[in-house]
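The block underneath contains the structure these notes are about, expressed in structure tokens.
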Amino acid sequence: YMSVLVRFLLPEKESEKSRVEYLDENLLNTPELAFNQVQNEFRYMLSTAVKNLFRAYSDFSGKDSGKTDKIKRKEEIIDNLQDDLTQYLVRLSGKELSYDLSERIPAFVHCINDAERIGDLAEKIERISEVRKSEKLEFSEEAVNAFEKMKKTLEKSFIFLNELLDGRNNAFQDLLKNEEKINNMTSVMVEENISRTRNRECNDRSSVMFVEILSVFERVGDHLVNVG
């Protein structure tokens with residue numbers, strides 16, 4: 001799994017392109033080729049959103065702070081890519097299409113929207129991070145360990161989705177099982193957080209923020225399943 005994660009999240013040099021590059025208008029006359037190019041550009045958009053999510057979490061956790069400007073810039077890029085891909089698919093849908101492709105295009109628009117929402121959730125983590133810094137909030141060791149455990153589990157979902165997009169069809173079942181694990185972990189961690197708050201092991205503000213971060217991770221998992 002680690003080699004897949006490194007390839008997916010940590011390329012040697014991250015691209016800074018802000019718009020799609022390979023959606024040739026001439027390809028619209030060959031719809032299957034045009035759709036293949038949309039899929040390639042979508043992989044870049046999804047990867048950008050994923051990296052931004054973990055970038056925001058690194059800032060929140062204090063492991064790699066000072067990335068606010070880059071996070072916001074990447075979110076703008078994700079929004080641009082969403083617009084470009086959606087508009088291209090709208091133009092493509094006006095062409096003479098096979099039944100299969102006419103069914104796939106609307107579904108793929110939803111995938112693009114799910115990737116964009118992952119980008120939005122990265123921004124949400126960054127906003128939470130800014131509040132944490134301004135209020136100097138701290139978390140218990142148990143809470144920190146819970147964050148890291150959830151992050152690693154979510155990373156597996158990204159791996160399974162990437163494998164699915166590479167053509168390993170049974171990776172979808174792995175993705176579903178991991179999503180169920182994320183949901184179960186969230187429920188247990190929220191209950192444990194309530195117990196810590198009752199026992200005054202953490203303050204109320206940190207407790208609320210803990211649940212907010214878990215909620216973001218859980219929602220990201222949902223969007224990944226939708227893309228799958």
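Numbers here simply count residues along the sequence, with the first being 1.
Considering all non-hydrogen atoms of both residues, Asn29 and Lys95 come closest at OD1-NZ, 3.7 Å. What you find for Asn178 and Thr153 is that their closest heavy atoms are ND2-O, 2.7 Å. The two residues Ser61 and Arg132 make their nearest non-hydrogen contact at CA-NH1, 4.0 Å. For the residue pair Val227 and Cys111, the shortest heavy atom distance occurs at O-SG, 3.7 Å. The minimum heavy-atom distance between Ala115 and Ala49, with the atom names listed, is O-CB, 3.6 Å. Minimum interatomic distance between Leu101 and Pro31 (heavy atoms only, all atoms of both residues): CD2-CB, 3.5 Å.
Taking the ring centroids of Phe172 and Phe160, they lie at or beyond the 6.0 Å cut-off.
For the atom pair CD1 (Ile71) and CZ (Arg127), the distance works out to 11.5 Å, reported to the nearest 0.5 Å. Note that the CG atom of Leu27 and the CD atom of Glu32 stand 12.0 Å from one another [nearest 0.5 Å]. Rounded to the nearest 0.5 angstrom, Ile159 CD1 and Leu175 CG are separated by 11.5 Å. A distance of 15.5 Å separates OH in Tyr57 from CG in Leu121, rounded to the nearest 0.5 Å. From Tyr88, atom OH reaches atom CD1 of Ile112 across 12.0 Å, with rounding to the nearest 0.5 Å. Interatomic distance, CD of Glu130 versus CD of Glu135, reported as 12.0 Å (0.5 Å rounding).
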Query raised in the report: So Asn145 and Glu142, side chain to side chain donor-acceptor pair (under 3.5 Å) or not? Walk me through it.
Result: CA-CA 5 Å; Asn145 290 339; Glu142 291 82 1; over 6 Å; no
**Report entry** side-chain contact (heavy atoms from CB on, under 4.5 Å) evaluation trace for Leu224 with Ile118
**Finding:** CA-CA 9 Å; Leu224 294 176; Ile118 293 174; 3.8 Å; yes
**Report entry** Derivation of the side chain to side chain donor-acceptor pair (under 3.5 Å) call for Lys51 and Ser47
**Finding:** CA-CA 6 Å; Lys51 292 168 192 169; Ser47 177; 3.2 Å; yes
Query - Candidate pair Lys151 and Glu155, rule salt bridge (charged side-chain N to carboxylate O under 4.0 Å, His left out), full reasoning - result: CA-CA 6 Å; Lys151 173 180 174 286; Glu155 284 174 347; 2.7 Å; yes
Report task. Start with the C-alpha gap between Ile77 and Lys74, add the side-chain angles, then the distance that decides, and say whether side-chain contact (heavy atoms from CB on, under 4.5 Å) holds. Result -> CA-CA 5 Å; Ile77 290 174; Lys74 290 294 183 179; 4.2 Å; yes
Requested in this report: Evaluate the side-chain contact (heavy atoms from CB on, under 4.5 Å) criterion for residues Phe158 and Leu53: first the C-alpha distance (whole Å), next the side-chain angles of each, then the deciding distance (0.1 Å), finally the verdict.
Outcome: CA-CA 12 Å; Phe158 286 123; Leu53 181 84; 4.1 Å; yes
Query raised in the report: Is there a side-chain contact (heavy atoms from CB on, under 4.5 Å) between Phe42 and Leu81 once you walk through the steps?
Result: CA-CA 8 Å; Phe42 171 74; Leu81 294 171; over 6 Å; no
Report task. In sequence, state the C-alpha distance, the side-chain angles, and the governing distance for Asn199 and Arg196, and then conclude on side chain to side chain donor-acceptor pair (under 3.5 Å). Result -> CA-CA 5 Å; Asn199 295 331; Arg196 287 194 299 271; over 6 Å; no
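Asp174 and Lys156 are not joined by a salt bridge, as no carboxylate oxygen comes within less than 4.0 angstrom of a charged side-chain nitrogen. For the pair Lys70 and Asp59, the salt-bridge criterion is not met [side-chain N within less than 4.0 Å of a carboxylate O]. Salt bridge absent: Glu148 and Lys152 never bring a charged side-chain N and a carboxylate O closer than 4.0 Å.
Ser206 places no side-chain N or O within 3.5 Å of a backbone atom of Asn203 that could act as its donor or acceptor partner. Checking side-chain atoms of Ser134 against main-chain N and O of Val131 turns up a donor-acceptor pair under 3.5 Å. Arg168 contributes no side-chain N or O that, together with a main-chain N or O of Glu163, makes up a donor-acceptor pair within less than 3.5 Å. When atom types are taken as modelled, the side chain of Thr30 and the backbone of Leu33 share no donor-acceptor pair closer than 3.5 angstrom.
Residues Leu165 and Arg43 have side chains in contact (heavy-atom distance under 4.5 Å, counting atoms from C-beta outward). In this structure, Leu161 and Val225 have side chains that are not in contact, with every pair of non-hydrogen atoms separated by 4.5 Å or more. Within the 4.5 Å cutoff, the side chain of Phe60 has no heavy atoms near those of the Lys133 side chain.
Here side chain to side chain donor-acceptor pair (under 3.5 Å) pairs that include residues 108-126, with residues two or more places apart or in two chains, are Thr68-Glu126, Gln82-Asn113, Asp114-His223, Asp114-Asn226.
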Solution key, residues 186-193 side-chain donor-acceptor pairs under 3.5 Å, sequence neighbours excluded:
| from | atom 1 | to | atom 2 | distance (Å) |
| --- | --- | --- | --- | --- |
| Thr186 | OG1 | Ile182 | O | 2.8 |
| Ser187 | OG | Asn183 | O | 3.3 |
| Asn193 | ND2 | Ser207 | O | 3.4 |
| Asn193 | ND2 | Ser207 | OG | 2.8 |

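Hydrophobic clustering (side-chain heavy atoms under 4.5 Å, transitive across Ile, Leu, Val, Met, Phe, Trp, Tyr) groups Val144 together with Phe54. By the rule that hydrophobic residues join a cluster once side-chain heavy atoms approach within less than 4.5 Å of another member, Val208 and Leu214 end up as members of separate clusters. In the hydrophobic cluster analysis, where Ile, Leu, Val, Met, Phe, Trp and Tyr join through side-chain heavy atoms closer than 4.5 angstrom, Phe108 is grouped apart from Val90.
Within a 6.0 Å sphere centred on CD of Gln39, other residues, nucleotides and ligands contribute more than 12 heavy atoms. Shown here is Glu25, whose CD atom has more than 12 heavy atoms of other residues, nucleotides or ligands within 6.0 Å.
Ring geometry for Phe147 versus Phe139: interplanar angle over 60°, hence perpendicular rather than tilted (30 to 60°).
A side-chain N or O of Arg55 and one of Asn52 form a donor-acceptor pair less than 3.5 Å apart.
Note that Arg104 lies outside the cation-pi zone of Phe35, set by a 6.0 Å cut-off to the ring centre and a 45° limit from the axis.
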